[in-house]
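Everything on this sheet refers to the single structure shown next.
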Amino acid sequence: MKAMLRIGRAAQAGRRSLAGERPARGGRLLLGLVTACWLAGLAAGAAKAEVGFFTPRGAPQALAGKVQFVKINVSSPDQLESSLRMAQAGGLRLRLDMGPVVTTPMPSGRVGRHYVTRDDGRRHDKLLPPDADNKLRQFPDDVRLRAILAPYLERVAAYPAVVDRVFLADEPYLNGISRQEMERAGRVTREELDRRGLRHVRLGVVFAAGMFNAEFARMVDDASVRYVRQLDDHYRAPNEDQAGHEAWKRQIQRVRLATYDRAGNMYLGGGFPAGFDLVAFDFYLSTILLDGVHEHTLDWLAKHYPKAGCASFAEQSMTQVRQTLTFFRDGPVTQQPDAQTSDRRMLNQIFDCRMNAVTEMLLKERGNRPIEVMLIAESGNNGVLEFDARQQVEPDQPPLLVEARVLDEVRRAECFYVRHQRSYRGLMFFTFENEYDNTIRLHVGGAAGMPTVLSSIFNFAGAWQDGKSLSKLPSHCTIAPQRR
C-alpha cells in the first residue's frame, strides 16, 4: 500500500507538460515571445470561452463562482426550480437536458428485430425480443410534447437570465432518434420558448462520438451487428455444460448490453438537425477503452483520418492496445518506474487520435454555418481504474494513482481546448459528483473527490475571466498548431 501511495504522490509532483519536455533555459526567452504572439493571435479570433460541468442530478452550490455554467438532467419541476434558484444566486448559467422528461423508451413492439449485414446485404432476425426498458428513445406527438414542456418552461421564464441552452435528447442518433424527429421536436420547443420570451435560449444537441457522420455511424452499426451475431450464435450453439448454458441463456434474456437492441435501430443518415444552434460530442476515454463496439474504432480512424494522429493505430484492435496499458493486467498494481510514463504516452495518442479525428468530422459538417461547438471531456475515474485482463474492476484501487490518471486526461482536454479556441466555444467536464452508471453497474468517482483534478479545472475556468479568451497559457500546455 505504501508503494502505491508513493506512485500516486510521484504522479502529482514535478509533473512535466503532457505535450513534451520543458525547453532548455537558453530557449525560454524566445519561447516566451512566441507564446505571447500566439496567444494574441488566438485572442483575436477566439470565440467567447466558457468552462462548466455536467452534473446530472442538479446544480451544486459548490460550483458557484468556480465555473461559468452547469448542465443538468431535468427530472421534475421542483428539481428544476431548485437548480434555477441556486444558479441565479451563484451567478451560474444553466443548461438543461430535457431528455429525461420529453423522451420515453421505444415500445418493444416498435423496436426492429432484424439487422442487415453490409458485406452481403442479407437481412437477419435477432433471436431475443427487445428489452422493455431499452435505451432507444422516442418523442411524443406535438400536442403531448407541448403539454410536457409547459410547466418546465414556465419556471425557466421566471428566471430569464439563467438558462441559455436547452437539449432535447442525449446521443439521439445512437438511441434511434432520426434527424427528422429531432427537427420536429426542435420546432415545437423553439415555438414554446419564443412564446415565453425566451428567444435567447438556444437549442443544443450532444452526439455520441462521430454519430453525426454517416460513415462513422455505419461503422458503429456494423460493430453492433457483430455483437448480435456472436451472442445469437453462442445462444444457439450446443454446449457440453448444458445446465450452465441454460442458466446463461436465462441471464442474457434479462440482462445484456444495450448494443443488442441498438443494432439495426440507430439513425445512420448523419448530419446536424436544422434549428439547433449548438452541437457537441462525447467520446470519453472510458468509452473507447471499455465499450466493445469500439474494438476496431482506432483502426478505422487510422484508415480514414491518418493525419489526425491516428496512423499508428492501423491494424490495431482495442484488445491489443489495452495489452500495452499497465492498469489492464491481472495481479497487483504494476510497480515498474516507467509504467506511468508508458501509459501516459499511449493515452496521449488515444486522446489525440479520437479528438482530432472527430473534431475534423464535426468542423467539416458544420462548414460555414453559424453553429456553436462545445467540447466535452471526462473528469470521472471509471476509465482509469485498475482492471484485470478481462476488463473487470479490481477490488483494491490505488486512489492517488487513479487520480493522477484522471488529472492527465483533464489536462489533455484543457490543452486541446486552448489549441482549438477558434473552433470551440465551451468546455464541459463530466462528472463533478460521484455517480452510479446503471448501464455498466459501476460507481463513477467524480472530480469533487479528487483535489488535484478539481483544482486544475477550477484554475482553468478562472483563467477565462468574464468569458474572454485565455490570457495566460496554462503551465502544463505547450504550443502546438491548431487543427482546422
Closer than 4.0 angstrom, basic N to acidic O: yes or no for Glu215 and Arg118?
no
When you compare the side chain of Glu435 with that of Glu433, does any pair of heavy atoms fall below 4.5 Å?
yes
So that I know where these two stand, are Phe283 and His294 an aromatic pair - ring centroids less than 6.0 Å apart?
yes
Has the side chain of Asn134 got a donor or acceptor atom that lies under 3.5 Å from a matching backbone atom of Pro130?
no
Check whether Phe69 forms a cation-pi arrangement with Arg95 (NZ or CZ under 6.0 Å from the six-membered ring centre, at most 45° off the ring normal).
yes
Do we get Lys71 above Phe53's six-membered ring, with its NZ or CZ under 6.0 Å from the centre and within 45° of the axis?
no
May I have the step-by-step check of salt bridge (Lys or Arg N to Asp or Glu O under 4.0 Å) for Asp142 and Arg146, ending in yes or no?
CA-CA 6 Å; Asp142 290 4; Arg146 292 181 197 278; 5.1 Å; no
Measuring only between side-chain heavy atoms, which start at C-beta, is His124 closer than 4.5 Å to His114?
no
Can you tell me if Ser224 and Tyr260 form a side-chain donor-acceptor pair at under 3.5 Å?
no
Test Leu80 against Val156 for side-chain contact (heavy atoms from CB on, under 4.5 Å), laying out the working first.
CA-CA 8 Å; Leu80 172 57; Val156 173; 4.2 Å; yes
Under 3.5 Å: donor-acceptor pair, side chain of Arg256, backbone of Ile252:
yes
In plain terms, say whether Arg226 and Glu295 are close enough for a salt bridge, that is, a side-chain N and a carboxylate O under 4.0 Å apart.
no
pair Leu153-Arg196: side-chain heavy atoms closer than 4.5 Å:
yes
Please check: side-chain N/O of Asp221 versus main-chain N/O of Leu268, any donor-acceptor pairing under 3.5 Å?
no
Dump the intermediate steps for side-chain contact (heavy atoms from CB on, under 4.5 Å) on Gln68 and Leu92, then the final yes or no.
CA-CA 6 Å; Gln68 283 80 42; Leu92 287 168; over 6 Å; no
Okay, side chain of Gln397, backbone of Glu394: is any donor-acceptor separation there less than 3.5 Å?
yes
Does the side-chain hydrogen bond (donor to acceptor under 3.5 Å, both in side chains) test come out yes or no for Glu414 and Ser456, once each step is laid out?
CA-CA 9 Å; Glu414 291 170 350; Ser456 186; 3.1 Å; yes
Do the numbers put Lys126 on top of the ring of Tyr115, so that NZ or CZ is under 6.0 Å from the six-membered ring centre and no more than 45° off the axis?
no
Start with the C-alpha gap between Gln138 and Thr104, add the side-chain angles, then the distance that decides, and say whether side-chain contact (heavy atoms from CB on, under 4.5 Å) holds.
CA-CA 6 Å; Gln138 63 175 9; Thr104 55; 3.5 Å; yes
Identify the heavy atoms of Gly99 and Asp97 that sit nearest to each other, and give their distance.
N-OD1, 2.8 Å
Do Tyr227 and Arg262 come close enough that some side-chain heavy atom pair is under 4.5 Å?
no
Set of side-chain contact (heavy atoms from CB on, under 4.5 Å) partners for Arg85, sequence neighbours left out:
Glu81, Ser82, Tyr159
Are side-chain heavy atoms of Leu375 and Met428 found at a separation under 4.5 Å?
no
Between Arg419 and Phe416, is NZ or CZ placed under 6.0 angstrom from the six-membered ring centre and within 45° of the ring axis?
no
Show the numbers, then the answer: is there a side-chain hydrogen bond (donor to acceptor under 3.5 Å, both in side chains) between Gln79 and Arg57?
CA-CA 8 Å; Gln79 174 250 13; Arg57 287 172 284 173; over 6 Å; no
Should Arg195 and Glu191 count as an ion pair when the cut-off is N to O under 4.0 Å?
no
Under 3.5 Å, is there a donor on one side chain and an acceptor on the other for Gln253 and Tyr235?
yes
Assess whether atom CZ of Arg369 is packed by more than 12 heavy atoms of other residues, nucleotides or ligands within 6.0 Å.
yes
Worked check of side-chain contact (heavy atoms from CB on, under 4.5 Å) between Leu203 and Leu193
CA-CA 10 Å; Leu203 296 180; Leu193 286 167; 3.9 Å; yes
Output all residues satisfying salt bridge (charged side-chain N to carboxylate O under 4.0 Å, His left out) with Glu386, sequence neighbours left out; order by chain, then residue number.
Arg405
Please tell me whether Phe281 and Phe207 form a close aromatic pair, meaning their ring centres lie under 6.0 Å apart.
no
Can you tell me how the ring of Trp300 sits relative to the ring of Tyr305, calling it parallel under 30°, perpendicular over 60° and tilted otherwise?
tilted
Check step by step if salt bridge (Lys or Arg N to Asp or Glu O under 4.0 Å) holds for Arg165 and Glu372.
CA-CA 11 Å; Arg165 308 286 185 271; Glu372 181 182 326; 2.9 Å; yes
Which of Tyr173, Phe276, Phe272 passes ring-ring contact (aromatic ring centres under 6.0 Å, His included) with Phe212? Answer is Phe272
Arg354 and Glu378: salt bridge (Lys or Arg N to Asp or Glu O under 4.0 Å), yes or no, with the steps?
CA-CA 13 Å; Arg354 73 183 195 276; Glu378 191 165 24; 5.4 Å; no
Salt-bridge test for Arg202 and Asp164: reply yes if a basic N is under 4.0 Å from a carboxylate O, no otherwise.
no
Is the number of heavy atoms from other residues, nucleotides or ligands under 6.0 Å of Asp120 CG greater than 12?
yes
Can you sort out the partners of Asp299 under salt bridge (charged side-chain N to carboxylate O under 4.0 Å, His left out), two or more places apart, ordered by chain and number?
Lys303
